[in-house]
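To start, the structure under review is shown below, and the notes come after it.
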Amino acid sequence: MAKQRSRPTRRRDRKGGPGGGRRKSCQYCRDKVAFVDYKDITSLRKFISDRGKIRSRRITGACRRHQNQIATAVKRARELALLPYVGDTRESRDERGPRDRGDRDRDRER
């Protein structure tokens, strides 16, 4: 007969730590908005990162229903060129410097 070991059960420490605290309430539920408008660019920009990605529910605090509407509205606004698909990446271009065709031609001759 095998002897059963009694292991202490691990419990999560609920005190403090990163990510603790109350969850944000949905902005659209608070304002009692039925449908997210794709033409309201100022409110949609809050749900987009500086790179142009749609932020997750965990970060924005939106409920599932409104998060789906936000994603659809952002995609529709991008299609109509009201919002950009990608963020501004000028910093990476400035480091390399401008490159023209003359540089490529010189490289080929070598």
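- With sequence neighbours excluded, the residues forming a side-chain hydrogen bond (donor to acceptor under 3.5 Å, both in side chains) with D40 are T42, S43, listed by chain and number.
- Pairing each heavy atom of Q67 with each of A62, the nearest pair is OE1-CB, 3.6 Å.
- Summarising the geometry, atom SG belonging to C29 is positioned 6.5 Å from atom CZ belonging to R65; distances are rounded to the nearest 0.5 Å.
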Check residues 70-81 and write down every donor-acceptor pair under 3.5 Å in which the side-chain atom is one partner and the other belongs to a residue at least two apart or another chain.
| residue | atom | partner | partner atom | Å |
| --- | --- | --- | --- | --- |
| T72 | OG1 | N68 | O | 3.0 |
| R78 | NH2 | G52 | O | 2.3 |
| E79 | OE1 | Y85 | OH | 3.2 |

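- Under the side-chain hydrogen bond (donor to acceptor under 3.5 Å, both in side chains) criterion, Q69 pairs with no residue at all, not counting sequence neighbours.
- No continuous path of ILVMFWY side-chain contacts below 4.5 Å connects F35 to Y38, so the two sit in separate hydrophobic clusters.
- The side-chain hydrogen bond (donor to acceptor under 3.5 Å, both in side chains) test applied to S25 returns R30, not counting sequence neighbours.
- Every residue two or more places apart in sequence or in another chain was checked for a side-chain hydrogen bond (donor to acceptor under 3.5 Å, both in side chains) with R64, and none qualifies.
- In this structure, I41 CD1 and L83 CG are separated by 4.5 Å, a value rounded to the nearest 0.5 Å.
- For the pair L44/L82, no side-chain contact is recorded, criterion being any heavy-atom separation below 4.5 Å from C-beta on.
- Under the 4.5 Å side-chain criterion, counting only non-hydrogen atoms from C-beta, F47 is in contact with Q27.
- A 4.5 Å side-chain heavy-atom check between H66 and R57 finds every atom pair outside the cut-off.
- Taking R55 as the reference, S49, I59, T60 meet the side chain to side chain contact (heavy atoms under 4.5 Å, CB included) condition, with sequence neighbours excluded.
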